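The block underneath contains the structure these notes are about, expressed in structure tokens.
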Amino acid sequence: MTTAHTGTTPVPVPTQSTYQNRVAEYWNAEENPVNLELGALDDLYHHHYGIGDADRSVLDDPDPDQRRERITHELHRLEHSQAEFLASRLGNVSPTDRVFDAGCGRGGGSIVAHLRYGCHTDGVTISRKQADFANEQARKRGVDGKVRYHHRNMLDTGLDTGAYAASWNNESTMYVELDLLFAEHSRLLRRGGRYVVITGCYNDTYGQASREVSLINAHYICDIHPRSAYFKALARNRLVPVHVQDLTAATIPYWELRRNAEHLVTGIEDTFLTAYRNGSFQYLMIVADRV
């Protein structure tokens, strides 16, 4: 057992598996412009993709510098729309409530939830570097009294049982076993609390994971789950879906724009687009209540 410091009281960080250590090392070293340049626009750093119709006119700007700036702003607008969309599904959250951001990255989603509801937010990330960065962003905004980030494992957070009105994962479930994850959400949520997940999952009506899904796994050192696994694991952990929405069509414009952003491409863009278009990969939101 090691110890991490949140800026207040030292808290235990469970010993990680070899795989979890690799994931932590990956995110400790990650400096992708598609995360950093977009977040730097307004100090809201989102580690996820965007949804909604894209303004493709930004690609036609004849000035290279202005074109780059406009593309960056448009991609950030789309990813921020996704964060707002998720936050809007968290239910009846009040300023006195606590909410939990599992796999919080550099912290943008927790800030969005706090700004919407005025609530207390706890974000958890396996990356010490991300937790430190996110806490500094909260201090800069003057919200560190209500928004805190912890270097912990989201499968075993040590946070208070039944203390949370809502919780979520935003594109982070592919790094963990779903039963262990949903058991922790079920423990943390009060009865009637709301859980939301937005994730990429492979469409198991097609059989096994496609070649494209395997390439995405290799790129992010993750293990994308089949769609059916989410519903089975939710049911086993007292989380009952109340709304399911396929966001695949809504995220394609983001990826089409990103593949044309020379300063931001990571080499995985065409793989995502192929997987979405051939139906083997889906971008899904599930909203569930804790019973």
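All values below were derived from every heavy atom in this structure, side-chain atoms included, with hydrogens, water molecules and symmetry-related copies excluded. Just so it is clear, the model here is predicted, and its values are computed rather than measured.
- Between R67 and E74 there is no salt bridge, since no side-chain N of the basic residue sits under 4.0 Å from a carboxylate O of the acidic one.
- Aromatic ring centres of H185 and Y164 lie farther apart than the 6.0 Å criterion allows.
- The shortest non-hydrogen separation linking D160 to R187 is C-NH1, 4.0 Å.
- Annotation: Q208, atom CD; neighbour count of heavy atoms from other residues, nucleotides and ligands within 6.0 Å does not exceed 12.
- Side-chain atoms of H150 and D122 form a donor-acceptor pair, as typed in the model, at a separation below 3.5 Å.
- For S110 and D101, the side-chain atoms include at least one donor-acceptor pair closer than 3.5 Å.
- Within 6.0 Å of CZ on R22 lie no more than 12 heavy atoms contributed by other residues, nucleotides or ligands.
- In this structure, a donor-acceptor pair under 3.5 Å is absent between the side chains of T121 and H114.
- With respect to the salt-bridge test (charged N to carboxylate O, under 4.0 angstrom), the residues E262 and R68 do not qualify.
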Check against side chain to side chain donor-acceptor pair (under 3.5 Å), N203 and S280: CA-CA 5 Å; N203 184 356; S280 66; over 6 Å; no

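- Side chain to side chain, H243 and R89 fail the donor-acceptor criterion of an N or O pair below 3.5 Å.
- Distance check, rounded to the nearest 0.5 Å: CG of L257 to CZ of R70 gives 10.5 Å.
- Residues F85 and S88 share a closest heavy-atom pair of O-OG, 2.7 Å.
- Rounding to the nearest 0.5 angstrom, the gap separating the NE2 atom in H46 from the CD1 atom in I111 is 10.0 Å.
- With hydrogens and angles left out, the side-chain atoms of S94 and D97 include a donor and acceptor closer than 3.5 Å.
- A donor atom on one side chain and an acceptor atom on the other are not found under 3.5 Å apart for Y26 and S127.
- With sequence neighbours left out, F182 forms a ring pair (Phe, Tyr, Trp, His ring centres under 6.0 Å) with Y195.
- Side chains of N237 and D179: a donor-acceptor N/O pair is present below 3.5 angstrom, by distance only.
- For the residue pair T266 / R258, a side-chain donor-acceptor distance below 3.5 Å is found, with atom types taken as modelled.
- At a cut-off of 3.5 Å, with distance as the only test, a side-chain donor of R227 or Q282 sits close to an acceptor on the other residue.
- Checking S172 against H48 by side-chain atom types alone, no donor-acceptor pair falls below 3.5 Å.
- Residues M154 and N169 have side chains in contact (heavy-atom distance under 4.5 Å, counting atoms from C-beta outward).
- Screening R139, R141, K140 against Q137 for a side-chain contact (heavy atoms from CB on, under 4.5 Å) leaves a single residue, K140.
- Surrounding CG of D63 are more than 12 heavy atoms belonging to other residues, nucleotides or ligands, all under 6.0 Å away.
- Residues T157 and E184 have side chains that bring a donor and an acceptor to within less than 3.5 angstrom of each other.
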Under the side chain to side chain contact (heavy atoms under 4.5 Å, CB included) rule, what do I126 and Y175 come out as? Steps first, then yes or no, please. CA-CA 10 Å; I126 202 170; Y175 289 104; over 6 Å; no

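- Side-chain contact of R290 with S186: a donor-acceptor pair under 3.5 Å is present, judged by distance alone.
- Shown here for G207 and Y202, the closest heavy-atom pair between the two residues is O-CE1, 3.6 Å.
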Stepwise salt bridge (Lys or Arg N to Asp or Glu O under 4.0 Å) check, R106 with E30: CA-CA 11 Å; R106 289 187 172 94; E30 183 270 333; 2.7 Å; yes

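- At a cut-off of 3.5 Å, with distance as the only test, a side-chain donor of Q82 or Y283 sits close to an acceptor on the other residue.
- Within the 4.5 Å cutoff, the side chain of N278 has heavy atoms near those of the E212 side chain.
- Salt bridge status for D55 with R77: absent, with no side-chain N to carboxylate O gap under 4.0 Å.
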Please lay out, stage by stage, how Y276 and F281 fare under the test ring-ring contact (aromatic ring centres under 6.0 Å, His included). CA-CA 5 Å; Y276 286 141; F281 189 51; 5.3 Å; yes

Verdict with reasoning, Y220 to M174, per side chain to side chain contact (heavy atoms under 4.5 Å, CB included): CA-CA 10 Å; Y220 290 109; M174 63 287 297; over 6 Å; no

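- Side-chain contact check for D42 and H80: no donor-acceptor pair (N or O, by modelled atom type) lies under 3.5 Å.
- Environment of CD in E177: sparse, with no more than 12 heavy atoms of neighbouring residues, nucleotides or ligands closer than 6.0 Å.
- Counted within 6.0 Å of CZ on R236, heavy atoms from surrounding residues, nucleotides or ligands total more than 12; the atom is thus considered enclosed.
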